[in-house]
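Structure, as structure tokens:
These numbers were taken from a predicted model, which means no experiment stands behind them. Each chain gets a letter, A, B and so on, in the order the sequences are listed, and its residues count up from 1.
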2 protein chains.
Amino acid sequence: MTQSFRPRIKAPILLNSAEAEIIRALRRQGCITSSDITRMTGWSKAKTAQDIRDLVEKGFLMEAGEGISQGGRKPRLLCINRNLGFVVGVDIGATSVDVALADISGGILQRYSEAADVRQRPEPFLSRCVEIIFQLMDLQGCRSDQILGIGIGVPGPVDFARGVLVAPPLMPDWENFSIRGFVKESFPNAFVVVDNDVNIMALGEQRAGDGINVDHFIFVKIGTGIGAGIVSNGKIHRGSTGCAGDIGHICVDKNGPICRCGNTGCLEAMAAGPAIAEKAVQAALSGSSPFLKNLMNQNGGVLRPEDVNTACREGDQAALEIIRASGQMIGDVLAGLVNFFNPSHIFIGGGIANFGNHLLVSIRRAVLRRSLPLATTHLSINFSRMGADAGVTGAVALALEYLFVIEDQPTTTI
Amino acid sequence: MTQSFRPRIKAPILLNSAEAEIIRALRRQGCITSSDITRMTGWSKAKTAQDIRDLVEKGFLMEAGEGISQGGRKPRLLCINRNLGFVVGVDIGATSVDVALADISGGILQRYSEAADVRQRPEPFLSRCVEIIFQLMDLQGCRSDQILGIGIGVPGPVDFARGVLVAPPLMPDWENFSIRGFVKESFPNAFVVVDNDVNIMALGEQRAGDGINVDHFIFVKIGTGIGAGIVSNGKIHRGSTGCAGDIGHICVDKNGPICRCGNTGCLEAMAAGPAIAEKAVQAALSGSSPFLKNLMNQNGGVLRPEDVNTACREGDQAALEIIRASGQMIGDVLAGLVNFFNPSHIFIGGGIANFGNHLLVSIRRAVLRRSLPLATTHLSINFSRMGADAGVTGAVALALEYLFVIEDQPTTTI
DNA sequence: GAACTTCGTCTATTTGATAGACAAAGCGCT
DNA sequence: AGCGCTTTGTCTATCAAATAGACGAAGTTC
């Protein structure tokens, strides 16, 4: 054996249920011994040993030295073969792109973010993404054919089965463009999955955040737009055409302003980032907030949503009022969704997530006032603690979910 | 063998996945041959024959004569042993109770409805239900120990795991009362499952109505109250505390009337049966509807929601307006839920379901106006065609779902 | 150093499924 | 009626997967 062992693997990776169980245990625990598996699965020692031998032979597992003795002979440790392959998570936002390179068990190895404008055509945008991926691969010493899965989150309605955007308001040029096809040209061995950005954030929260082991939750992203990722019975709910969670265009006030969707008084038009900035400009111009006026002059006549937050921290009353109003409108909509969906957790993320407690308190108050007691007694509403990581973590998780496919799934209901 | 074969079975019935597959095939097709099973499962003839022998021995299957030849030897037909046991479905409404006795494959054998007042204490109410069940059993010649499963739907929020009502507005005396424990005293062999009435209607629509093979839908019941049964990824979504679907208390107008829940402008307070009747009384008194005034005098000063429907059919403009207003409010709420949940179907049932097209058109129009195009292009909004059957059919399906338990479910995700 | 544990391998055995031979039963054509 | 062909159902030999348990290697504890 003159050359190091490097099996050629192609996605998707088919596993039988026994193999899946072993790999799942390894993902959770990192390192594990053969008799650990025997104990947790109830299999005989021989079967466990045989399955492990097979997985090692196929290149999924490798030995990792000896463990500590439990009062007898030292066990041999097993871990996932991190050189088998890699997965990539891409989180495309309206104004930025986040890329992560991860090993096959979901551990992030390299990470990179940069500003980007999603309104350009998909080809140059995605070419730049691919370039970033190659740079991260170089840093890690990873070849193109070792990329086995790529998960991509995009800020618009996705037809999940086809992997294309349908009528995306932010990025009209992307409509029906095959993101999967374009990316796959550079990574022939990879399985490419495209999903809505909020869905991947929800997935990230479920896999690596506070949403772990939570059966029913809603991840609300508040930024330029407002959207929700939904988890029902432990699974992402995408809806019949894949556009579930589009709560930004729920009506809060029939007599409200006109939204870019054409309707009046949509939540997004009244409570999202641009609306907050617009209200701030008005407060500055009307003189009700000297602080904002000052900030606006410094910024060259423009105010961003973050400026309202800054003003609020400095004790500016008008800014506080703007944030409270936003929180209340969001809370009013969430109250209805809590009655309908009865989640145990609501996680709030996106650019607004660092707006601190004033926003959160307003949201909570509105939800508690308008939801049924049975639905709110055990309801937790909090900012996601994952920050910008939720997106890429979820994109990596999405890639992994579709990279490993379990064969022979028997019928689950009668 | 002097006595006919009657095995003693106790719920829940444990099946392995092969047995489950056979029984599922039999449920669908009614009668089936051994080689049919071979073809649809891909198993060898020997395995199929062996499994069938086992199921016949256990009493689940029985032979049903010979089938027609396919060009060779005649096959022996197999069917489910209908004498093995029975299940019961009970649909408790606010003012009525529906009971059905069904065989083990869900076919309804006997059915009975009567008026009942759910506001009384649970013991006498449920005693009457048990009495009805025994009467249906007598008609069918079925013994008490042959009842293997009982599904019960109740009009209020149910803690599904415990099988008790939690803070039910319609039936406060039932709070925390163990329906399961009470019913099980009369049917020691039965597995008793209690669920919300709207959930069982959704289940009925899914199993025996137009919801078959529909992954994501909402069943909306409009009657004295308004509630929704939710199916996500083909499964009932009950939410974290089991009260999902309580859409009757979503706000439609902050300045609206006070609801019994204490809030203002709830959908239920403005668009459900009592609100319709109340508006009709006002229309009668104000003189805007001579027809309703006439009807009210005939009824002794009282108007029911059905009277508005009658008036509308006769061309009464005020009644039409009342119905349209209700439909619009319901549609406005559903529009938000369509954006959030993206179902492919909405089924409308309950006492209002025979209000005809005016209501439906108003609902559809409101939903289409306020929902996103991607969510509505393939959305169907229709009355449930099951009428009063949805409840009991679903209750029977619920009982069956928990009566048969498939062992050794392997992990489905990695 | 003796007694007891744990770990990992190996063998004999059991269990479950398969392939394919074969007989029974039926159809269609001459 | 007879012949060839098909389908059905049973039986047997065989293969594959999992188990139990023996056994030696390697460690710990007293």
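The side chain to side chain donor-acceptor pair (under 3.5 Å) check on Asp103(B) picks up Arg82(B), Ser105(B), with sequence neighbours excluded. When the salt bridge (charged side-chain N to carboxylate O under 4.0 Å, His left out) test is applied to Arg73(B), no partner is found at least two apart in sequence or on another chain.
Counting only distance, with no hydrogens or angles, the side chain of Glu205(B) and the backbone of Asp210(B) share a donor-acceptor pair below 3.5 Å. Here the side chain of His216(B) pairs no donor or acceptor atom with the backbone of Gly234(B) at under 3.5 angstrom. Judged by distance alone, with hydrogens and angles left aside, the side-chain atoms of Asn189(B) form no donor-acceptor pair with the main-chain N or O of Leu148(B) at under 3.5 Å. A donor-acceptor pair under 3.5 Å is absent between the side-chain atoms of Lys235(A) and the main chain of Asn233(B), judged by distance alone. Side-chain atoms of Glu19(A) come within 3.5 Å of backbone atoms of Asn16(A) as a donor-acceptor pair (strictly under, hydrogens ignored).
One finds a salt bridge joining Asp51(B) and Lys47(B) here, because a Lys/Arg side-chain nitrogen approaches an Asp/Glu carboxylate oxygen to under 4.0 Å.
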I'd like a table of atom pairs between the protein and nucleotides 1-3 of chain C - only N or O on both sides, under 3.5 Å - with the distance next to each one.
none

What does nucleotides 24-30 of chain C look like as a protein-contact string, B for base, S for sugar-phosphate only, - for none, at under 4.0 angstrom between heavy atoms? BBBS---

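A heavy atom lying under 4.0 Å from DNA chain D marks none of the residues of residues 13-30 of chain B. Across residues 31-54 of chain B, Ser44(B), Lys45(B), Ala46(B), Lys47(B) each have a non-hydrogen atom less than 4.0 Å from an atom of DNA chain C (numbered order).
Between atom SG of residue Cys79(A) and atom CE of residue Met62(A) there is a gap of 5.0 Å, rounded to the nearest 0.5 Å. The CH2 atom of Trp43(A) sits 7.5 Å away from atom CD1 of Ile37(A), with the distance rounded to the nearest 0.5 Å.
Arg180(B) and Val194(B) make their closest contact through N-CG2, 4.4 Å (heavy atoms, listed as atom of the first residue, atom of the second, distance).
Checking the phosphate oxygens (OP1, OP2) of dT7(D), no side-chain nitrogen or oxygen of Arg76(B) falls inside 4.0 Å.
When side chains are defined from C-beta on, Glu21(A) does not count as touching Ser17(A), because their heavy atoms never get closer than 4.5 Å.
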